[in-house]
*Asks:* 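Sharing a structure here in structure tokens format.
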Protein chains: 2
Amino acid sequence: MSRHRKKERKHPLTNINTTKDKILEVAIDLFSHKGYSGVSIREITREVGIKESSLYNHFKNKDEIITTIFELFRNEFAKTLPPTELLEDILKNSTIQQFFEKGFENFKEHIDHPKNEKLWRIIYIEHYRNSIARELFLNDIIKNTLSFLEIVFEILIMQKKIKPLRPSLLAAEYQYPMFSMLAEYNMLRFDQKDTSEIENKMKEHVEFFLDTVRVDESTQK
Amino acid sequence: MSRHRKKERKHPLTNINTTKDKILEVAIDLFSHKGYSGVSIREITREVGIKESSLYNHFKNKDEIITTIFELFRNEFAKTLPPTELLEDILKNSTIQQFFEKGFENFKEHIDHPKNEKLWRIIYIEHYRNSIARELFLNDIIKNTLSFLEIVFEILIMQKKIKPLRPSLLAAEYQYPMFSMLAEYNMLRFDQKDTSEIENKMKEHVEFFLDTVRVDESTQK
DNA sequence: GTCTATACGAGGATAGAC
DNA sequence: GTCTATCCTCGTATAGAC
């Protein structure tokens, strides 16, 4: 496999080719530990191996660094949800267990990626100080995910796989526990503590939720 | 009602008597907006109306200020859960709806208090940078609340009011959605946005959850 | 317990040579 | 695009008079 041009990189943060990428990588690492105001330009450039003044060839100021990081997060997170157009097909060809287990796996893969993990932490740390982070949280994370799930449940209800409850209620009941369990998961990983308990809770939640809302076709228990 | 001595104050942050209290009040406000490292001693003392050097008569350094704030939060949060000894009595004398609605109201009162709201935000902002905040989150908030609820559900299962599911699963299903909804609620309030939608979701969650796990005595639907 | 004065390193950012 | 040199403000913290 030969090395390709920038445009063809798989993950925008996995291959570091340019100084700008390197700055971003270091900034993400430092911000995710100490927060934006806890990290200085000096610290970033020292770690990158350039002088402070050189950084300003790539970013006009400190704020532009974190703004770029937020944009990066937005793009990465958007990839975790499959396009709505494909949904009906996907749902037709899988059981609801398969669908939610697959979705959970996808998401876990996303959040387990070291860079994404750090991006999430930055959002958590900055979401009160920085209004872009806050909007990202409220719109891109919460709202988009819930809207996506609403559509999922609408379809599943039409397909008679799920009890005819209000889709927005179902979406909330499924997703809100996930948000806080994921936050806890990320916190535990930060301290390199054992995550098996919270991972189990996530799986149990999916099971319990599906058991609660599923229309059981075979046994009609 | 006459003014009493410090020891008898209702809320440790409502009456500001001493310079130390004033410093804490200002620090809480500033930290909750800009984070610990985003706020300087100069800024705090300017707001309080004293010189920088005077602050060091009350706190040995900047870190001691936030440590004190964390301790304050711990105490305030502990008040939101009724003592376990009284639980059985309380549960005997109320329906499960009443119990959970009352618990929710109590908690909402706690989090709506402006000072507590700020304390929560500080925990959110600092919980990756500061290990005390992180422990507070994992132990005092998450673990304690879940342990408390486990006991509640054990009792309710014994009283045949709730289906005989595993208490820890019930506690998780009830509480984890609450954590993230409360985070969203706090975020919306920060921007003074409308909170009626998320408040509704919280209420709907309690309803849905109770409907799911309740043993219906009268109709056995 | 508050003040003035002071120390001194760290902060973001720019000008201009190479 | 990187460097050296420089700017000036802000940062925490202390000494010592009142």
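Numbered from 1 within each chain, the chains take letters A, B, ... in sequence-line order.
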*Asks:* Please work out which residues in residues 40-50 of chain A have a non-hydrogen atom less than 4.0 Å from an atom of DNA chain D and list them by number.
*Replies:*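 Per residue number, the list reads A:I50.
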*Asks:* Reckon B:S53 touches a base, only the sugar-phosphate, or nothing at all at heavy-atom distances under 4.0 Å?
*Replies:*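 Base: the residue B:S53, judged by heavy atoms under 4.0 Å, touches a nucleobase.
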*Asks:* Could you tell me how far apart B:E52 (CD) and D:dG11 (C1') are, to the nearest whole angstrom?
*Replies:*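 Distance check: B:E52 CD to D:dG11 C1' gives 9 Å.
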*Asks:* Could you state the CD1-C1' distance from A:I23 to D:dG1, rounded to the nearest angstrom?
*Replies:*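 To the nearest whole Å, that distance equals 11 Å.
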*Asks:* Just the rounded figure in Å: distance from P of D:dT12 to CD1 of B:I66.
*Replies:*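 Value for this atom pair: 12 Å.
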*Asks:* For A:D63, what residues pass the side-chain contact (heavy atoms from CB on, under 4.5 Å) criterion, not counting sequence neighbours?
*Replies:*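 With sequence neighbours excluded, A:D63 shows a side-chain contact (heavy atoms from CB on, under 4.5 Å) to A:Y36, A:N61, A:I66, A:T67, given in chain and number order.
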*Asks:* Mind calculating the distance between CZ (B:F59) and P (D:dT12) to the nearest angstrom?
*Replies:*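 Going from B:F59 (CZ) to D:dT12 (P), I get 14 Å.
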*Asks:* Could you tell me the separation between the CG atom of B:L55 and the C1' atom of C:dC3, rounded to a whole number of Å?
*Replies:*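 After rounding, the gap between these two atoms is 14 Å.
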*Asks:* Using whole Å, what does the distance between atom P of nucleotide D:dA13 and atom OH of B:Y56 come to?
*Replies:*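 Interatomic distance, OH of B:Y56 to P of D:dA13: 4 Å.
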*Asks:* Could you check whether A:K62 gets within reach of a base, just the sugar-phosphate, or nothing at all, counting any heavy atom under 4.0 Å?
*Replies:*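 Sugar-phosphate contact only - A:K62 comes under 4.0 Å of backbone atoms but never of a base.
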*Asks:* What residues, two or more places apart in sequence or in another chain, satisfy ring pair (Phe, Tyr, Trp, His ring centres under 6.0 Å) together with B:F148?
*Replies:*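 Expected list: none.
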*Asks:* For B:F208, enumerate each residue passing the ring pair (Phe, Tyr, Trp, His ring centres under 6.0 Å) test, keeping only those at least two apart in sequence or located in another chain.
*Replies:*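 B:F208 satisfies ring pair (Phe, Tyr, Trp, His ring centres under 6.0 Å) with no other residue.
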*Asks:* Any salt bridge (charged side-chain N to carboxylate O under 4.0 Å, His left out) involving residues 169-185 of chain A? Give me the pairs, sequence neighbours left out, ordered by first then second residue.
*Replies:*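 Sorted result for residues 169-185 of chain A: empty, none.
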*Asks:* Looking at A:F31, I'd like to know if the NZ or CZ of A:K118 sits under 6.0 Å from its six-membered ring centre while staying within 45 degrees of the ring's axis.
*Replies:*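 Output no; distance or angle outside limits.
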*Asks:* To the nearest Å, how far apart are B:K51 NZ and C:dA5 P?
*Replies:*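 Between P of C:dA5 and NZ of B:K51: 10 Å.
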*Asks:* Looking at A:S54, does any N or O in its side chain come under 4.0 Å of the phosphate oxygens OP1/OP2 on D:dC3?
*Replies:*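 It does, given that an N or O in the side chain of A:S54 lies less than 4.0 Å from OP1 or OP2 of D:dC3.
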*Asks:* Could B:K20 and B:F59 be counted as a cation-pi pair, given that NZ or CZ must be under 6.0 Å from the ring centre and within 45° of the axis?
*Replies:*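 Relative to the ring axis of B:F59, which defines the angle, B:K20 lies inside both limits.
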*Asks:* Nearest whole angstrom, please: distance from the P of C:dG12 to the NZ of A:K60.
*Replies:*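 Taking atom P of C:dG12 as the reference, NZ of A:K60 is at 16 Å.
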*Asks:* Applying ring pair (Phe, Tyr, Trp, His ring centres under 6.0 Å), can you list everything that pairs with A:F100, at least two apart in sequence or on another chain?
*Replies:*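 So A:F100 forms a ring pair (Phe, Tyr, Trp, His ring centres under 6.0 Å) with A:F153, A:Y174.
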